[in-house]
2 protein chains.
Amino acid sequence: MSAIPAATVGRLVTYLRVLTELEQEGVRSASSDDLGAATRVSAFQVRKDLAYFGRFGTRGAGYTVATLRRELRRILGLTRPWHVAIVGMGRLGQALADYPAFDRQEFRLVAAFDVDPAVIGRRIGAVQVESLASLAEVAAERAIDLAFLTVPAAAAQGAVDALAAAGVRGILNFAPVVVTAPENVRVEAVDLSAGLQRLTYYVQAEPATVGEVTG
Amino acid sequence: MSAIPAATVGRLVTYLRVLTELEQEGVRSASSDDLGAATRVSAFQVRKDLAYFGRFGTRGAGYTVATLRRELRRILGLTRPWHVAIVGMGRLGQALADYPAFDRQEFRLVAAFDVDPAVIGRRIGAVQVESLASLAEVAAERAIDLAFLTVPAAAAQGAVDALAAAGVRGILNFAPVVVTAPENVRVEAVDLSAGLQRLTYYVQAEPATVGEVTG
DNA sequence: TATTGTGAACCGGTTCACAGCG
DNA sequence: CGCTGTGAACCGGTTCACAATA
């Protein structure tokens, strides 16, 4: 009932990965126990997560790998190609242009933008870098669905506004700032520096295992 | 009491960011309301998060920016320099070598490793790429605390094992796999492809805003 | 018999209201 | 008087036990 927990969506992604591996290895079926072991999640949790979306298993036998994989791909929206743009062609943006997912069918890099005249015009990966000023025009023309946002923190909010105005539906934000977007634009953060700082917290807090209050 | 919620640790990082900005702008004090507005968190939550670690505010007046910032840096373990290595010098590893945090004091890039002879020996950023085989030796010599793991998914678990054996305490895992590490080694994931797939889930699930069950 | 699917119990994080205090 | 600090209420996600069933 009601909405799906965000944590569930995150786990679906990892189940799908495992199923893809299993399929490649020729494994035909897997139990919630198997999936749980591979993803470090309890078998209860696996079943509950899947139950939000329907009944995919066979009692007594588990899940058919190919079927469940297909269902998860459908649930996660991976059955149609997504047009992706990279905004900000610094080091990180350039590295992302070679992201292996762009070789497969689901994600297609269709544009790259920057404000720096020294970068604009250069061909990187499959695309040529264009001026951010042409975003609206290009977004309409090539039906950009999603964007990788790899601009400096100070420029992130402005870029989000421009992307939202251009009709982009989802943004993967690599900039270390909290940005605000309209209701109809989804932002997911991939935050390296936050991860790094969480890491130092836990590492220095050891050996108390889970982060003792230092008082 | 007991352990600190992981979500709290994540939010501390964003509070710290905001405090750093405020300090640069010359702002002297901030209320939990101010911090909450800037980080998109309720003021209640801000106060509760901080209360896990002590009393940092002044009733009626809010928090002194400089003081709270110093305390959060201490709590997050950012008062001493951390020695970081990058394992896997593909595109992403190379991009990370230029990560701005390495210009500041808290994080120092002290080594870079790869298995590819074509890359070993090349100077990238502040370091020269070394063979992964020399990890144990180099880790001891340069007191590597943390590692950025940017190897292919298939190589990730092996690298984690090697890093753990070499005494590395924390790993920022960029590979799209769930890895297992000993108790005393903390792993934080920075997972681009997972973020991308969560994004497609939410974007396709619109316009039902929070992801309606499709049945 | 083995394993799923699920209502109910549990637990922990978030929200809240207000007491405490500068 | 304003804003923090916090015990209690609330809510939602996780865990669990077991009924359903191939």
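These numbers come from the heavy atoms of this one structure, side chains and all, not from hydrogens, waters or symmetry mates. Note that the structure is a prediction, hence the values are computed from the model and not measured. Convention: sequence-line order gives letters A, B, ...; per-chain numbering from 1.
- Distance alone, capped at 3.5 Å, places no donor-acceptor pair between the R186(B) side chain and the L199(A) backbone.
- When the P atom of dT6(D) is taken as reference, atom OH of Y52(B) falls 12 Å away, rounded to whole Å.
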Checklist line | Steps toward salt bridge (Lys or Arg N to Asp or Glu O under 4.0 Å) verdict (D145(B), R169(B)) | finding: CA-CA 6 Å; D145(B) 301 303; R169(B) 306 284 316 285; over 6 Å; no
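- The ring pair (Phe, Tyr, Trp, His ring centres under 6.0 Å) test with F148(A) singles out one residue from F102(A), F107(A), W82(A), and that residue is F102(A).
- Under the 4.0 Å criterion applied to side-chain N and carboxylate O atoms, R80(B) and E106(B) are not assigned as salt-bridge partners.
- Listed by residue number, the members of residues 6-24 of chain A with any heavy atom below 4.0 angstrom from DNA chain C form an empty set.
- Under the 3.5 Å distance criterion, with hydrogens and angles disregarded, a donor-acceptor pair is assigned to the side chains of S32(B) and R47(B).
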Could you list, one pair per line, each protein nitrogen or oxygen that sits under 3.5 Å from a nitrogen or oxygen of nucleotides 2-5 of chain C, together with the distance?
from	atom 1	to	atom 2	distance (Å)
dT3(C)	O4'	G60(A)	N	3.1
dT3(C)	O2	G60(A)	N	3.1
dT4(C)	OP1	S32(A)	N	2.6
dT4(C)	OP2	S32(A)	OG	2.6
dT4(C)	O2	R59(A)	NH1	3.0
dG5(C)	OP1	F56(A)	N	3.2
dG5(C)	OP1	G57(A)	N	2.9
dG5(C)	OP2	Y63(A)	OH	2.9
dG5(C)	O4'	R59(A)	NH2	3.2
dG5(C)	N7	R47(A)	NE	2.9
dG5(C)	O6	R47(A)	NH2	2.9

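- Contact of the Y99(B) side chain with the L109(B) side chain is not registered, since no non-hydrogen atoms from C-beta on lie closer than 4.5 Å.
- Within the 4.0 Å cut-off from OP1 or OP2 of dG13(D), not a single side-chain nitrogen or oxygen of Q45(A) is found.
- Applying the side-chain hydrogen bond (donor to acceptor under 3.5 Å, both in side chains) rule to pairs touching residues 83-94 of chain B yields D98(A)-R91(B), sequence neighbours excluded.
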What's touching nucleotides 7-11 of chain D from the protein side, N or O pairs under 3.5 Å?
from	atom 1	to	atom 2	distance (Å)
dG7(D)	O6	K48(B)	NZ	3.0

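- Axis angle across the helix from dT1(C)-dA22(D) to dG22(C)-dC1(D), with five pairs used at each end and values rounded to 10°: 10°.
- Straight-line distance from the CZ atom of F53(B) to the C1' atom of dG5(D): 15 Å, rounded to whole Å.
- Judged by distance alone, with hydrogens and angles left aside, the side-chain atoms of T200(A) form no donor-acceptor pair with the main-chain N or O of L78(B) at under 3.5 Å.
- With no hydrogens or angles considered, a side-chain donor-acceptor pair links D191(A) and S193(A) at under 3.5 Å.
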Cut-off 3.5 Å, no hydrogens considered: what does the side-chain donor-acceptor table look like for residues 62-69 of chain A, sequence neighbours left out?
from	atom 1	to	atom 2	distance (Å)
R69(A)	NE	T20(A)	OG1	2.8
R69(A)	NH1	E23(A)	OE1	3.2

